[in-house]
Amino acid sequence: MVKICCIGAGYVGGPTMAVIALKCPAIEVAVVDISASRIAAWNSDQLPIYEAGLDEIVKQCRGKNLLFSTAVEKHVAEADIIFVSVNTPTKTRGLGAGKAADLTYWESAARMIADVSKSNKIVVEKSTVPVKTAEAIEKILTHNSKGIKYQILSNPEFLAEGTAIEDLFNPDRVLIGGRETAEGQKAIQALKQVYANWVPEDRIITTNLWSAELSKLAANAFLAQRISSVNAMSALCEATGANISQVAHAVGKDSRIGPKFLNASVGFGGSCFQKDILNLVYICECNGLPEVANYWKQVIQVNDYQKNRFVNRVVSSMFNTVSGKKIAILGFAFKKDTGDTRETPAIDVCKGLLGDKAHLSIYDVQVTEEQIQRDLSMNKFDWDHPIHLQPASPIGVKQVSVAWDAYEATKGAHGICILTEWDEFKTLDYNKIFDHMHKPAFVFDGRNVVDAEKLRQIGFIVYSIGKPLDAWLKDMPAVT
Ligand SMILES: NC(=O)C1=CN([C@@H]2O[C@H](COP(=O)(O)OP(=O)(O)OC[C@H]3O[C@@H](n4cnc5c(N)ncnc54)[C@H](O)[C@@H]3O)[C@@H](O)[C@H]2O)C=CC1
Ligand SMILES: O=C(O)[C@H]1O[C@H](OP(=O)(O)OP(=O)(O)OC[C@H]2O[C@@H](n3ccc(=O)[nH]c3=O)[C@H](O)[C@@H]2O)[C@H](O)[C@@H](O)[C@@H]1O
């Protein structure tokens with residue numbers, strides 16, 4: 001029986017391994033992690049992450065051919081194929097700080113594999129890593145290999161949160177990169193056979209190692225670039241009276257462009273877009289390509305601009321100050337249908353408003369109060385480390401309270417900011433909300449989820465990203 005071990009039981013390791021176990025009953029899959037609390041959660045009824053369909057799969061396979069364990073070394077030693085799906089955060093100190101990927105966790109996993117292995121292994125890069133990481137990993141593994149042979153493969157993951165199981169069941173492609181040697185090709189075939197249990201052959205792409213590593217960074221950069229492009233257009237729409245939804249629809253009708261990923265927003269978030277583009281920028285700089293680096297840097301700069309622009313709209317609309325005013329924040333997750341807040345634009349918007357001394361009342365469908373307080377008091381990039389290594393018990397931010405529903409959050413507020421596109425925000429009783437707010441009552445829709453005209457009829461002053469401006473906002477500066 002083929003044995004797989006995955007190091008890292010996170011958003012990627014957990015769901016991908018659960019699906020491999022489900023689709024390959026003849027393979028034994030062990031998912032291991034240094035975080036005891038995460039493993040305990042995977043072994044409980046309350047899984048550490050929410051993804052539609054994941055519970056059922058874990059329940060079906062756990063105890064049969066899927067197990068979660070902290071016995072990292074034991075399962076690594078026994079495995080034929082080892083996936084490494086650990087954190088690859090942005091470095092906060094030293095060379096490349098603020099850009100380069102921090103490979104501490106990867107390196108320690110590779111050293112441990114080298115220490116405990118007694119048989120030949122295929123080691124698979126599942127984490128998103130800089131181009132040429134495989135070369136460094138190979139050096140660590142083979143430095144003192146005691147005659148054991150290692151093949152390194154790059155098999156980046158393309159799933160999106162909220163649709164992880166659907167994406168894993170039916171991927172656009174599975175990408176496998178390996179060495180162009182006979183042993184490298186054999187390893188590629190071994191991994192291909194695993195995926196071939198459910199993925200059609202023409203969707204399994206094989207390349208050399210560096211193409212696979214770079215394709216992952218490139219794919220995320222292209223996706224984020226689309227959002228920054230539409231967001232840049234949204235600013236121009238507001239200045240000219242064009243409507244970003246109409247522009248995006250018209251542009252997306254061109255079959256060469258396509259309609260997906262053209263929703264203007266308060267900015268993109270999530271654990272990877274920013275981190276991976278910063279990493280790409282750093283690699284370009286290290287390779288003497290400053291023009292290419294600057295090109296991709298713009299994607300992040302436009303994203304930051306979009307978040308700042310939103311905060312400025314709120315403050316300038318409300319008589320140039322939100323000091324002491326209650327602002328309701330509806331939605332804190334980085335997108336709907338997930339409780340994940342990593343790099344959510346809500347953090348920057350909230351910090352911007354807090355900087356102007358606002359009082360925030362935050363409501364999100366999934367995110368807990370503890371998580372919100374952690375996020376608002378943590379330094380940039382600190383979140384992307386194993387949970388037990390993150391700063392302990394952060395002090396809550398005084399001007400922030402967390403509400404249990406949207407009506408509570410908006411009661412007595414001067415303004416509402418919608419920062420996540422949760423479906424329930426479309427159908428709230430805005431008449432009732434209006435009645436309980438200070439006047440003039442403002443809605444700033446960072447996701448274009450509400451019907452602005454209906455809200456204006458109720459009496460709200462409404463700002464919607466990239467839409468023709470409310471008369472109230474017309475003469476106010478978009479950026480201070
Ligand atoms: N979150 C996502 O949607 C996607 C993430 N990725 C990439 O996958 C990688 C992992 O991301 P996530 O799963 O989101 O991170 P995560 O933070 O949810 O999970 C990583 C896990 O690795 C564990 N870990 C770290 N060092 C370890 C070690 N030496 N031994 C054992 N366990 C260790 C941590 O405790 C943590 O549970 C990153 O490189 C990310 O860029 C790629 C595609 C999608
Ligand atoms: O490497 C990763 O981590 C993953 O990053 C993204 O997945 P994810 O971050 O889970 O979510 P997306 O659906 O891509 O959304 C990212 C952000 O962009 C925003 N977005 C998305 C689409 C859009 O049209 N407009 C927009 O503002 C979302 O609200 C969210 O904040 C990619 O879609 C995945 O393919 C990739 O594997």
Side-chain angles (χ1 to χ4, degrees), residues 5-16 31-39 41-42 48-49 51 69-70 72-73 75-76 83-90 101-113 125-130 133 155-164 167 171-172 216-217 219-224 226-231 234 248 252 259-276 279 303 306 331 333-338 340-346 383-390 419-421 446-448 465:
C5 174
C6 176
I7 306 175
Y11 282 85
V12 170
T16 46
V31 189
V32 297
D33 203 292
I34 42 173
S35 162
S37 62
R38 233 181 189 176
I39 290 297
W42 279 110
I49 59 173
E51 281 293 340
S69 168
T70 48
V72 181
E73 299 186 356
H75 292 288
V76 164
F83 286 82
V84 185
S85 185
V86 299
N87 321 61
T88 49
T90 304
D102 176 351
L103 292 178
T104 312
Y105 303 110
W106 237 107
E107 185 178 335
S108 86
R111 285 184 189 280
M112 183 268 301
I113 296 171
E125 291 174 347
K126 199 57 165 162
S127 307
T128 304
V129 291
T133 297
N155 172 221
E157 185 47 58
F158 296 100
L159 68 79
E161 285 173 37
T163 53
D167 295 342
D172 286 342
K216 172 63 194 176
L217 296 180
N220 273 359
F222 276 46
L223 287 168
R226 257 175 100 89
I227 303 168
S228 279
S229 298
V230 80
N231 282 345
S234 75
K260 292 185 186 166
F261 247 68
L262 285 178
N263 292 320
S265 64
V266 60
F268 60 73
S271 62
C272 292
F273 280 175
Q274 172 168 287
K275 158 175 91 70
D276 293 349
N279 184 358
N303 199 46
Q306 190 75 347
F334 82 98
K335 64 177 187 181
K336 72 169 183 175
D337 298 336
T338 173
D340 194 350
T341 59
R342 297 181 291 177
E343 285 298 334
T344 174
W383 52 269
D384 199 5
H385 291 267
I387 195 109
H388 61 287
L389 300 178
Q390 287 174 15
L419 301 183
T420 313
E421 70 281 23
R447 297 286 185 169
N448 285 336
I465 292 269

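Both ligands and their constituent atoms are indexed starting at 1 by order of listing. A quick note: this is a predicted structure, and the numbers were derived from the prediction, not measured.
- Among all heavy-atom pairs drawn from G13 and S85, the shortest one is N-OG, 3.5 Å.
- The atoms of ligand 1 that sit less than 4.0 Å from any heavy atom of S108 are 29 (N).
- Checking only distances, D276 never comes within under 3.5 Å of ligand 1, N or O to N or O.
- When the heavy-atom distances from atom 1 (N) of ligand 1 to K216, K275, E161 are ranked, the shortest goes to E161.
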Pair T88-N279, side chain to side chain contact (heavy atoms under 4.5 Å, CB included): steps then yes or no = CA-CA 10 Å; T88 49; N279 184 358; over 6 Å; no
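- Every N/O-N/O distance between K126 and ligand 1 stays at or above 3.5 Å.
- Under a 4.0 Å heavy-atom criterion, V72 is not in contact with ligand 1.
- Which of I39, V84, I34 comes nearest to atom 32 (N) of ligand 1 through a heavy atom is settled by distance: it is I34.
- An N or O contact shorter than 3.5 Å is missing between S35 and ligand 1 by distance.
- For ligand 2, the protein residues within 4.0 angstrom (heavy atoms only) are E157, F158, L159, A160, E161, K216, N220, L223, I227, F261, L262, N263, S265, F268, G269, C272, F273, F334, K335, R447.
- Distances between N or O atoms of V12 and those of ligand 1 include at least one value under 3.5 Å.
- Atoms of ligand 1 found under 4.0 Å from any heavy atom of I7 (numbered from 1 in listed order, with element): 30 (N), 31 (C), 32 (N).
- The distance criterion of under 3.5 Å between nitrogen or oxygen atoms is not met by E157 with respect to ligand 1.
- Every atom of ligand 1 with a heavy atom of R342 under 4.0 Å away is listed here by number and element: 1 (N), 14 (O), 15 (O), 16 (P), 17 (O), 18 (O).
- In terms of N/O distances under 3.5 Å, ligand 1 is approached by N87.
- Set against the non-hydrogen atoms of S271, the atoms of ligand 1 under 4.0 Å away are 1 (N).
- Between the side chains of S35 and D33, no donor-acceptor pair is found at a separation under 3.5 Å.
- Of all atoms in ligand 1, numbered sequentially from 1 with element shown, those under 4.0 Å from a heavy atom of L159 are 3 (O), 44 (C).
- Note that CG of D172 is 9.5 Å distant from CZ of F158, once rounded to the nearest 0.5 Å.
- The side-chain contact (heavy atoms from CB on, under 4.5 Å) test with W106 is passed by exactly one of V129, I7, N87: V129.
- Summarising the contacts of atom 9 (C) of ligand 1 with V31, V86, T88, the nearest heavy atom is found in V86.
- In terms of heavy atoms, A9 sits closest to I39 at CB-CD1, 4.0 Å.
- The side chain to side chain donor-acceptor pair (under 3.5 Å) search around K126 returns N155, E157, Y195, not counting sequence neighbours.
- Contacts between R111 and ligand 1 below 4.0 angstrom, taking non-hydrogen atoms only, are absent altogether.
- Salt bridge E161/R342: present, at least one basic N to carboxylate O contact under 4.0 Å.
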